[in-house]
Each structure stands twice: as C-alpha cells, then as structure tokens.
Amino acid sequence: MSSIHSCEVRVCRWNFVLEDSNNFPRKCTEMTTRRTKPVDTVKNQTPEVHSTRSSGRVRLAPKRLQYSPETREEHPRKKQKAKSQTEKESLTNKLKYEEDVENDDVEHNSDGRGGLSAYELERLENIRQNKAFLSSINLFQATEDLKQLTRPKPSQRGLRPHSSVKEVLPPRKSLRLQKKEAEMLTLPPEPRGTLVYEQSSTIKKPTGPLPMNPINMEEGFQLPAELPELCSEDTKERKMKLDLKTYCSALKSMAIADDGVVKVVKDRIFSAAFHPCSSRLLMAAGDKWGKVGLWNFGADWDDDGVLLFEPHTRPVGCMAFSTAHPTQLLTLSYDGSLRCMDVEKAVFDDVYDIDDDLKTFAFMSHDCSTLLVGNWYGEVAIVDRRTPGNSHKSLHSVDPKTLRCVSVHPLQMQYFAVAESRVVSIYDSRSLKKTKNCAVSQLHGHTKSISSAYFSPCTGNRILTTCMDDHIRIYDTSSVNTECPLLKSIRHDMHTGRWLSKLSAVWDPKKEDCFVVGSMMRPRRVQVFHESGQVLHSFMDSENLNTVLSVTAFHPTKNALLGGNSSGRLHLFSS
DNA sequence: ACAAAATGCGGCC
DNA sequence: TGGCCGCCCTTTTG
C-alpha cells in the first residue's frame, strides 16, 4: 500500500486549473498537463486514481476533483450542453406547435374561439410571430448550411494510416496466479523541468551515408528507375517575364486535382519543396519526426506514388533541391544533421553534423556546393561540400539571441540576410569574424519575432518578411549596403497556435514581385499577393482544402503550387 | 459519436 | 533571465 500512498501525496501537490481568465473552461489537455504550486485547498482531498501508465505517471479523474457532488457545481461545458439541449427541445416543441397551428390541428370548441382561453390565444399568436421571425432570419436555411460545414473526411491517398505492426507480447501471468508475494513497487522520481523522453527516439542517426530504403515499402524494394531519370532531367531555368494579367489568369486556372491531396509523411509538415523537373510534378516534404517523403504525382507505384524515408530523427526544418545537381535534395533537421539525398547513389550522405540544433540553410553559390547553415542560437556556418572532413566548418556569432531564417542574395551571393528576433540584418560573408559581426544594413520595424525573411528570387531587390506581430512586410533592398526602406506592410493573422507549423510568406520563383502564404481564414485558403499588398488570388476548395496549409511553395517553372498541412498531407494545385 | 491527448513556442513579467 | 501563460489551430486514439 505504501506505493499507492505516495501516489496520493504526489498527486496532491498538483493544482488543476480549470478556468482561464475569461472563466472559460480550459481544455482537458491543459487540465491534465498543467501543474502549479501547491494549494492548501486540494491538499486534503483524496483524488480518485483513474489509471496508472507504464511511465509511472498518475492520471486523475479531474472532473471529480473540481466538480464534486459536494460543491453541487456542474462542469461549465456540461452546463452549456444542457442549456443548448433545452433550447433545442423548446425549438422542436415550438415547431411542432407551429405545425399544429398550420394544420389547424387544435381542439375546437363550440364557442367560436375554438374553446381556447385568452392565454392560449395569446400563446398561439406568439407562435405565429415566432414563426414569422424564424423564417425572416432564415434559420432553417442556416441549419442546412451548418450541416454542409461539417468537414469531409481527409484524403486517404498516400501513406496508409495503420501500417505499423503490432508488437507481439509474451503471455503474462499475474503474481497472484503464480502464488507469489506481491512486489514492492516504487514510483520513478518526478521529472524535473522539461519531460525526459525515451532516448531512443531522440538519438541521432549514425553518421555516414544512409541507404535510401523506403520505410513504407517491403524490404529489398528497388527505387523506381523513373526516379533518377526524372531527377537528372535538364532543368535549365527559364526566366519568364510574365505580366501581371497573364499571371493572374494562370493562377485562376489552377486547382486541386481529384487525387491532388496525398499523405506524404506521417506527421506534421515542417518543410517542403518542388523538384525543378517539368515533365512530371515531383515533391518532397519533411515532418516532425525526421521523415522525408517523396511524392511523384500520378506515379503508379504503391501508396499513390509516395516513398517515405527516415534520414533524421527530429523536425526537418528546411529542405531544397540542388539546382545545379537536381538528383540531390538537401535536408536539414533540428537534430543537428544536414544530409544530401542523392537518388543516383540511392543514399542520404552527411553534409554537416553538429551537436547543436540546426534551424535553416541556404545555397551560397550557383553550383550549390557552398551552403550557409544557421543554428537556433544565432550562429552561422559556411559549409563547402567539396572539402571533406570537419575543417570546413566556421561558426560566426552573428547575434547571441535567436535565428529563424537565412537567405542569400540571388546575384551578389556574398550578401545574406538573417532574421534575428526583431530585426533582419544583412551581412557580407567576405568580412565575417568569429564574433560581434557588423551588419551592412538592417531592416527595422518588426515589433515581435520574425519567422522568415527572403530575398526576392530574380534580382534580390526586395526582402519579404513574416513576423509574429501579424504583418508581412516588403523592404526595398536594391542598394543592399545602404538604407533599405520599408515598402509595404500587410496585415495577416499568424496565430497558428500549438499544433500547426508557423506560416511563412514565400516568393514565387517565377515572378519577382508575387508571393504565396497560407491563411487561418475560414473557409481555409492559400493566398497569393502582389508586393503592393493586393490579393491576386485565394485558392479555396470546399472538397479538398479544409485544413491550414502552413507550408507553401511554388514550382520554379510550371504553374503548380504545393501546400503542406499538419497531418502530413501535401495539396497540389496545378492547371 | 465523442472526448481527450498529442514529445511547443513566442511573449511577457 | 527563468518560468509562467496562452494559443483555441488539427489529428489520432480509445
């Protein structure tokens, strides 16, 4: 019994907060996870132990704690439910009465008033008025519309939801049946600070090339021959000068195809990219658990053309196909590794590996051999992939605080922009020191942290930023090393909350002055803006687009757009 | 059908 | 600067 007793003691040190400052009941997720300082009022209660898990954590029946019969207080949500229930009932009754009135289905008496008292007549009059009111506000239409709003089932294409094999456990026999004495069990110590998770899931993959074995296919699966062929296709960039009108009509011609929503990775998408080839649409996406999915739209291999790999163990924060060697996809992960998938060699090669959390990277030369890699703490490394070994790492402390994004000037590649907490700084890589670097220019005006900052794709004359202060900004960087004035500031809701990736506005590589960004607006949509702030197009689709697409990217040459959501599904818009 | 859980993170004090 | 607060978004699981 002593172990149970210790359970109670431990449990009583937690105080479950059920209401927020607005007196709204908090979600139970928070109810069961939030712990605050000891509170005397709960100390002497004996909470009901609901269940214990293998982790040794104890779960309570929280409702009993706060809304016990003693307090005679109902759970607020229950109350609300009960209220709406009565509302519903009275409405149904009212409707029934109406029917009765309409059908003249009321008992009549001989006195000409149908034998009804003044009160009942008044009631019938009320019913008539209610009916007139209800039809005037189109209530019945509204209920129909509401029914329509219920979300359709997400696409079941791509990775199958239940592909994991259940572990077969040896048969168990209780100690009592074995006629043995009960063991004295002790609870593990309460975790301190952040929870400690199983090492195995957060440990990095071993260094050295990892073979490209798709984890969604049978063992010994050979990569489709189509893949290296596609990837080595000539992808010479065609810089088209599109006028705005043509561009807009191209946007309007794009839509999600019937089979254009596919589960490409298992978990929430952190990064995604289009392969530059034009004969097919080939996409890659990286998720929260280090998985990388390749999706060849319309391919006939299993899982609707999806191959799933596992080159990392933590979120794949950034990825890009090499424009110089399109058989290569570079993937960077928070686990501190940067790898290069090569479909010709069928491996994920090591590019950079460090005991820090990496955040982002960008190509720093046209041949894609030099990379600019940034970690979370404001340090950048210039990595030359042609130089083997560790000597090619050079860390420069740019800002000791935070780093969210790096972007290299497309023409003058010595200049790069770094989004550092509340300012974007532009540095010259030729004059970088170990510490305390001076920016050649800075972009001011952000009042909260900046999620991303990108040079415009063709000239580098603009920088597009996305900031947590709910604004997208465009700066004029045509003279990088002097002043860079703010051109436009566009309001955009960036409140994605806990379970979604952050939004980022990204340029269309085909169009110097247009960009795309996901949106929180309902119905769900993806918006394309002109740098003037004008919304050129909103992609909406009640059938196929019902979630927030946090990660978006345009195809470098074709009329195609991808959007990734938090369930690992890619959405393909094309014409 | 429904409820609860799910391996943050930026902002602010 | 450490730690608390509040997102209210989506999907999976039981």
Side-chain angles (χ1 to χ4, degrees), chain A residues 15-37 50-51 53 55 57 59-63 75 77-78 80-81 150-156 159-164 166 191-203 263 265-270 287-290 313-315 317 334-335 357 359 376 400-404 419-422 446-452 466-470 493-503 518-525 545-551 563-569 571:
Chain A
N15 171 31
F16 292 86
V17 182
L18 292 181
E19 290 187 348
D20 66 14
S21 53
N22 299 320
N23 294 327
F24 280 112
R26 303 186 61 83
K27 271 194 181 169
C28 288
T29 351
E30 287 166 36
M31 230 159 68
T32 49
T33 51
R34 274 185 63 199
R35 280 172 244 165
T36 59
K37 282 170 192 158
H50 197 135
S51 70
R53 287 181 164 177
S55 63
R57 286 169 66 187
R59 292 165 66 215
L60 304 178
K63 282 180 189 170
H75 190 291
R77 200 191 292 142
K78 219 179 194 175
Q80 207 179 349
K81 208 172 183 178
T150 53
R151 195 198 301 184
K153 208 177 167 194
S155 157
Q156 299 302 303
L159 300 176
R160 285 172 293 260
H162 299 291
S163 50
S164 61
K166 266 203 175 170
R192 281 164 182 271
T194 49
L195 290 173
V196 181
Y197 301 105
E198 269 181 61
Q199 280 267 303
S200 60
S201 59
T202 50
I203 214 159
K263 196 163 170 93
V265 282
K266 303 214 168 179
D267 226 297
R268 147 180 167 194
I269 293 180
F270 271 68
D287 81 354
K288 192 161 98 168
W289 293 114
T313 57
R314 294 193 50 220
Y334 295 2
D335 68 15
D357 295 0
K359 176 70 183 163
W376 281 77
K401 280 173 257 163
T402 51
L403 181 149
R404 295 284 172 267
E420 305 168 35
S421 67
R422 286 172 198 202
H446 301 91
T447 60
K448 285 184 181 159
S449 88
I450 303 162
S451 328
S452 66
T466 308
C467 182
M468 293 305 287
D469 65 9
D470 286 340
D493 184 8
M494 302 296 173
H495 259 210
T496 44
R498 183 171 181 173
W499 310 113
L500 307 183
S501 297
K502 277 187 284 185
L503 301 176
S519 168
M520 300 294 290
M521 282 168 82
R522 285 179 195 272
R524 300 305 189 197
R525 64 195 67 186
L545 173 50
N546 294 290
T547 55
V548 177
L549 302 187
S550 301
V551 180
N565 72 6
S566 80
S567 67
R569 289 185 173 86
H571 298 59

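Here the structure is a predicted model, which is why all the values come from computation and not from measurement. So that the names make sense, note that chain A is the first sequence line, chain B the second, and so on, each numbered from 1.
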Self-check item: Arg524(A) CZ to dT11(C) C1', straight-line distance once rounded to whole Å
Solution: 13 Å
Exercise. Sequence neighbours left out, what passes side chain to side chain donor-acceptor pair (under 3.5 Å) with Thr496(A)? Give chain and number order.
Key: none
Exercise. Could you work out which one of dG8(B), dC9(B), dT10(C) sits closest to the side chain of Tyr334(A)?
Key: dC9(B)
Self-check item: Below 4.0 Å: OP1/OP2 of dT12(C) and any side-chain N or O of Lys266(A)
Solution: no
Exercise. Using the test salt bridge (charged side-chain N to carboxylate O under 4.0 Å, His left out), find all partners of Asp267(A) that sit at least two apart in sequence or belong to another chain.
Key: none
Exercise. Measure from CE on Met521(A) to P on dC8(C) and round the result to the nearest Å.
Key: 15 Å
Quiz prompt | Sugar-phosphate only, base, or nothing, as touched by Ser567(A) at under 4.0 Å among non-hydrogen atoms | solution = sugar-phosphate
Self-check item: Between dG10(B) (P) and Met468(A) (CE): distance, integer Å
Solution: 7 Å
Quiz item: Under 4.0 Å between a side-chain N/O of Ser566(A) and OP1 or OP2 of dT10(C), yes or no?
Solution: no
Exercise. State which of dC8(C), dC9(B), dC9(C) makes the closest approach to the side chain of Trp376(A).
Key: dC9(B)
Quiz prompt | Any side-chain donor near an acceptor of the partner, Ser421(A) and Ser449(A), under 3.5 Å | solution = no
Self-check item: Nearest-angstrom distance from the residue atom CG of Asp357(A) to P of dC9(B)
Solution: 10 Å
Quiz item: Nearest nucleotide by nearest heavy atom, which residue falls closer to the 5' end of DNA chain B, Gly497(A) or Thr447(A)?
Solution: Gly497(A)
Exercise. Could you check how far CG of Asn565(A) sits from P of dC9(C), rounded to whole Å?
Key: 15 Å
Quiz prompt | Nucleotide nearest Lys288(A) (side chain, heavy atoms from C-beta), chosen from dG8(B), dT10(C), dC12(B) | solution = dG8(B)
Quiz item: Between dG11(B) and Ser449(A), is there an OP1 or OP2 to side-chain N/O distance shorter than 4.0 Å?
Solution: yes
Quiz prompt | Inter-nucleotide P distance (dG14(C), dT7(B)), Å rounded | solution = 12 Å
Exercise. Tell me, with the steps shown, if Thr466(A) and Ser452(A) meet side chain to side chain donor-acceptor pair (under 3.5 Å).
Key: CA-CA 5 Å; Thr466(A) 308; Ser452(A) 66; 3.2 Å; yes
Exercise. Would you kindly give the NE2-to-P distance between His495(A) and dC5(C), to the nearest whole Å?
Key: 18 Å
Exercise. Rounded to the nearest angstrom, tell me the gap between atom CG in Leu503(A) and atom P in dG8(B).
Key: 18 Å
Quiz item: Which pair of non-hydrogen atoms, one from Arg268(A) and one from Trp499(A), has the smallest distance, and what is that distance?
Solution: CD-O, 3.6 Å
Quiz item: OP1 or OP2 of dT12(C) less than 4.0 angstrom from a side-chain nitrogen or oxygen of Lys263(A), does that happen here?
Solution: yes
Quiz item: Any side-chain N or O of Arg404(A) less than 4.0 Å from the OP1 or OP2 oxygen of dG10(B)?
Solution: yes
Quiz prompt | Interatomic distance, Lys502(A) NZ vs dG10(B) P [rounded to whole Å] | solution = 4 Å
Quiz item: Distance check: side-chain N/O of Arg522(A) vs OP1/OP2 of dT10(C), anything under 4.0 Å?
Solution: yes
